[in-house]
Amino acid sequence: QVQLTESGGGLVQAEGSLTVSCVSSGRTFSSNAMGWFRQTPEKEREFVATIDWRGDNTRYGDSVKGRFTISRDNAKNTVYLQMNGLRPEDTANYYCAQRSIPIMSTRHDGYPYWGQGIQVTVSS
């Protein structure tokens with residue numbers, strides 16, 4: 001069973017930066033793609049970023065492209081989301097997700113394992 005635990009969320013001012021982390025308990029982390037999604041009460045879950053099993057390839061949602069960076073450290077079973085140039089519209093609950101295969105996906109239904117989510121709030 002895979003357990004994902006996010007950390008690093010909080011309150012930040014607009015144009016500020018924040019990095020959220022996600023640790024996976026599973027042995028399969030280093031062979032599986034990972035992703036970040038976000039959700040607010042008003043919107044459906046939105047794709048943010050994904051990274052393949054080795055970290056060689058990444059993909060981003062249009063709203064965060066150029067501002068957010070996903071990375072991973074397989075030795076630490078950890079995936080990161082560095083967020084720069086934050087905007088109030090980035091305020092959401094951010095979820096880490098793990099695939100069961102090495103290939104990236106932008107679809108939330110492509111991820112069988114999910115963290116509890118962590119709140120990121122950007123003040124104007």
(message) Under 4.5 Å side-chain heavy-atom separation, chaining through any Ile, Leu, Val, Met, Phe, Trp or Tyr, what else clusters with Phe68? Say none if it is isolated.
(response) Val2, Leu4, Val12, Leu18, Val20, Phe29, Met34, Trp36, Val48, Ile51, Tyr60, Val64, Ile70, Val79, Leu81, Met83, Leu86, Tyr94, Tyr113, Ile118, Val120, Val122

(message) Between Glu6 and Ser21 (side chain of the first, backbone of the second, donor and acceptor by atom type, cut-off under 3.5 Å), is there such a pair?
(response) no

(request) Nearest 0.5 Å please: distance from the CZ atom of Arg67 over to the CD atom of Gln82. (result) 12.5 Å

(request) Describe, in one word, how the ring planes of Phe37 and Tyr111 are oriented to each other, choosing from parallel (under 30°), tilted (30 to 60°) and perpendicular (over 60°). (result) perpendicular

(request) Nearest 0.5 Å please: distance from the CD atom of Gln1 over to the CD atom of Gln3. (result) 7.0 Å

(request) Could you tell me whether the side chain of Arg45 and the main chain of Arg38 form a donor-acceptor pair under 3.5 Å? (result) no

(message) Assess whether a salt bridge exists between Asp90 and Arg87, defined as any Lys/Arg side-chain N lying under 4.0 Å from an Asp/Glu carboxylate O.
(response) no

Give the table of side-chain donor-acceptor pairs shorter than 3.5 Å for residues 95-103, with sequence neighbours excluded, one pair per line with atom names and distance.
| unit_1 | atom_1 | unit_2 | atom_2 | d |
| --- | --- | --- | --- | --- |
| Tyr95 | OH | Asn93 | ND2 | 3.1 |
| Gln98 | OE1 | Ser24 | OG | 2.8 |
| Gln98 | NE2 | Thr28 | OG1 | 3.4 |
| Arg99 | NE | Gly110 | O | 2.8 |
| Arg99 | NH1 | Ile103 | O | 2.8 |
| Arg99 | NH2 | Gly110 | O | 3.3 |

(request) Assess whether atom NZ of Lys43 is packed by more than 12 heavy atoms of other residues, nucleotides or ligands within 6.0 Å. (result) no

(request) Only pairs at least two apart or in different chains count here, so list each side-chain hydrogen bond (donor to acceptor under 3.5 Å, both in side chains) that has a residue in residues 115-124. (result) Gln119-Thr121

(request) Could you tell me the separation between the OG atom of Ser25 and the CG atom of Asn77, rounded to the nearest 0.5 Å? (result) 8.0 Å

(message) Do Tyr80 and Asp73 have side chains that approach each other closer than 4.5 Å (heavy atoms only, starting at C-beta)?
(response) yes

(message) With a 3.5 Å distance limit and no angle check, can you tell me whether Thr91 reaches the backbone of Glu89 through a side-chain donor-acceptor pair?
(response) no

(message) Arg59 vs Ser105, test: side-chain contact (heavy atoms from CB on, under 4.5 Å). Steps then yes/no.
(response) CA-CA 9 Å; Arg59 192 173 296 172; Ser105 175; over 6 Å; no

(request) Applying side-chain hydrogen bond (donor to acceptor under 3.5 Å, both in side chains), run through Arg72 and Asn74 and close with a yes or a no. (result) CA-CA 6 Å; Arg72 66 189 297 160; Asn74 286 345; 2.8 Å; yes

(request) Specify the closest pair of heavy atoms between Gly85 and Ser17, including all atoms of both residues, with the distance to one decimal. (result) N-OG, 4.4 Å

